[in-house]
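Everything below concerns the one structure shown next.
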Protein chains: 2
Amino acid sequence: MVTIKEVAKKANVAVSTASYALNGIKKVSPETKEKVLQAARELNYRKNGFASDLKRNSTKTLALILSDLSGPFYSELIRGVQDVATDHGYDLIACSAIGGENSTAAKFLTEHRVDGCIVLAHNITDEMLKNVAHHHFPIILLDREIEIDSTVHVRVSNKRGGFKATEYLIQNGHTDIAFVSGPSNSYDNKMRFAGYQEALQAYNIEPQNKWVVSGNFTREGGESAANILAAQDQGPTAVFFANDEMAVGGMEAFQKRGISIPNDISIIGFDDILEAKYVNPKLTTIRQPKYEMGASATHLIFQMLKNEKVNPIFELHTDLIIRESVKKL
Amino acid sequence: MVTIKEVAKKANVAVSTASYALNGIKKVSPETKEKVLQAARELNYRKNGFASDLKRNSTKTLALILSDLSGPFYSELIRGVQDVATDHGYDLIACSAIGGENSTAAKFLTEHRVDGCIVLAHNITDEMLKNVAHHHFPIILLDREIEIDSTVHVRVSNKRGGFKATEYLIQNGHTDIAFVSGPSNSYDNKMRFAGYQEALQAYNIEPQNKWVVSGNFTREGGESAANILAAQDQGPTAVFFANDEMAVGGMEAFQKRGISIPNDISIIGFDDILEAKYVNPKLTTIRQPKYEMGASATHLIFQMLKNEKVNPIFELHTDLIIRESVKKL
DNA sequence: TCATGATATCGAAACGTTTCACTATAAATG
DNA sequence: CATTTATAGTGAAACGTTTCGATATCATGA
């Protein structure tokens, strides 16, 4: 491994001069600069990033912590993060939280390996975040409930979104509305369900326990939830799936049983994933501003890095996207 | 930022002792160890990862370099990488090559910030890889052509796959077979096309230029390619899309024009993406062993890190997955 | 009792940078 | 000409760890 010392020696200058030259600092004359760069080229010098980060005490890198690198995840959200980070001249890496305490995520979270983190991972414990959060290390939390000092939440108005979805079904004449829920430890899911309940109540519709079934936010979960609903003798006329992934699975399952959408049953989802407009019929859903979530989160990090005070909660709103999967009764 | 020095002072030991204690090295008595850990806990000490990497001269992390973090990309491949890396006690980070020379990827590639790299990104130039490759820094290349010393390629037998796909159509009685190609700078695409041509020749079918159209590996590209083909007065009876993404778009476009699959036209894809079995009709395609690609790539890295000699090319094979989108004529 | 070895601890050097405080030279000022 | 100022370059300290070699303590057994 060739170091800056060797470059300096080859160029016949002090290592400080070499460093200035390599970093393009004006203090050095054009000739010596060229001499140094030439030497570096000849030796194929590559700087050691750690050494430099260590000295500079800053990495100019942000980490995006995901439950699992191998997705599926919101690519638009990532694009939002990426764009803003790049704008600020920062690098972005993504790492996985699989393995909890021993995960890569944990390593990056605890060992000062980045200047800030965006956490979108259920498998990082609140405990761990508490231990690691402090004023000089900005952490942005997505889809979480707990309050931690010096930590910021970016959220979407899930409850209002759940309300809107349900209300839309009601306005189309439905009263027998099922809810297919995600994992019970998801904050998003909890809020969407709350919105559903609130809408039923607002319109004086009696909630039916048999119509809330669990689907775990996965396509397969959606399928089995649909099967459960379809098997009931007194089934619902509309289903609100707590995310699109489940809705897509559910539609598939209904159709396989010869149940037509939206003629026999209406479907609404949540998220507006890419696929939503490619399924048949196209899925009516609640859109989350995913790009904006990523971008806002990242903006917040930079504000925190500049020691500006920021509001501990940042909420974005949702939109109803009307397509073809809901029929007026 | 509390350092190991402060921990040592608080525990009344030398910093070396503190280091031994914190790293769980036997040399230190149980009592002092506890004393140190206690002090560390009280001070909320977090080690500085760089300093430690710098000294140890190893990071125990691998980087996966992707064209764009915000996908779409092969999650199974990533899972393969992840699993093997974890098995070896290594961490994995993903970074984006957007921005070329100034990308995060470039930074990780050049600045010794990881112990090895897997590159799945067209936007990293061959030039750059050449500059950075050397014996102590394992780099595995996916979907690339160039030969660089001390660099290893993991490939899939794209050509045989392209051959198989085309042959399957031929065996089903098709002779008028279109090819929808990906970007011309993709090695994968080039080989799949070569397989297509070879199969036509093997069965004495005259290739038709008007039936090879370009779709850029994207869904939209697939749609427009399908539209071009559908507009021809003498259209093909079967289409081989060079990847599934395009095939899905193409199917949508055909169906929108009232052309039924597979009754009016047969479709075959390449990749076997998750969606392939969810579209209607289910897509017949060539499966790439994506998990195995990731896993093999990572295994190769570890062999290289152990200074074992490895073959510069590692090829995996493809399988024909028969579903519903091809009809026997 | 005295050498022997094991055990626990310590001090200091090292990893490869960056940057501060300085010096030497040359140019500019009055 | 004497003095200031700007410029180009240097040496050394520092960043926070790990680890080598040395030392001190103490029990062991001949």
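These numbers were taken from a predicted model, which means no experiment stands behind them. Naming convention: chains lettered A, B, ... in sequence-line order (proteins, then strands); numbering from 1 in each chain.
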Worksheet entry | Given dG11(C), dT18(C), dT19(C), the nucleotide with the shortest approach to the side chain of Y20(A) | dT19(C)
Describe the nucleic acid contact of [X] in one word from base, sugar-phosphate, nothing, applying a heavy-atom distance below 4.0 Å.
X      : answer
D53(A) : nothing
S16(B) : base
N48(B) : sugar-phosphate
S19(A) : base

Between [X] and [Y]: side-chain donor-acceptor atoms closer than 3.5 Å:
X      : Y       : result
Q38(A) : R41(A)  : yes
D91(A) : T104(B) : yes
S16(B) : S19(B)  : no
D83(B) : Y291(B) : yes
T59(B) : D115(B) : yes

Item to complete: Report yes if a side-chain nitrogen or oxygen of S29(B) is closer than 4.0 Å to either non-bridging phosphate oxygen (OP1 or OP2) of dT7(C); otherwise report no.
Response: no
Fill in: Short side-chain N/O contact from K47(A) to OP1 or OP2 of dT18(C), under 4.0 Å
yes
For [X] versus [Y], what's the shortest heavy-atom pair and its separation?
X      : Y       : result
M1(A)  : E6(A)   : O-OE2, 3.6 Å
L62(A) : Y90(A)  : CD1-CD2, 3.6 Å
K47(A) : H112(B) : O-CD2, 3.7 Å

Fill in: L22(A) CG - dT19(C) P separation (whole Å)
13 Å
Worksheet entry | Exceeds 12 heavy-atom contacts within 6.0 angstrom, atom NZ of K290(A) | yes
Fill in: R79(B) side-chain N/O to A295(B) backbone N/O, donor-acceptor pair under 3.5 Å
no
Discussion item. I'd like to know if the side chain of N123(B) reaches the main chain of G100(B), judged simply by a donor and an acceptor atom lying under 3.5 Å from each other, with no hydrogens or angles considered.
Written reply: no
Worksheet item: More 5' along DNA chain C: T17(B) or A51(B), using each one's nearest nucleotide?
Response: T17(B)
Worksheet item: More 5' along DNA chain C: E31(B) or V2(A), using each one's nearest nucleotide?
Response: E31(B)
Worksheet item: Heavy-atom contacts under 4.0 Å between residues 35-46 of chain A and DNA chain D, which residues?
Response: none
Worksheet, complete the sentence: When V15(A) and P30(A) are each assigned the nearest nucleotide of DNA chain D, the 5'-most assignment goes to P30(A)
Worksheet item: First and last nucleotide of DNA chain D touching chain B, 5' to 3', heavy-atom cut-off 4.0 Å?
Response: dG16(D) to dG21(D)
Fill in: Bending between helix ends of the helix from dT1(C)-dA30(D) to dG30(C)-dC1(D) [5 pairs per end, 10° resolution]
50°
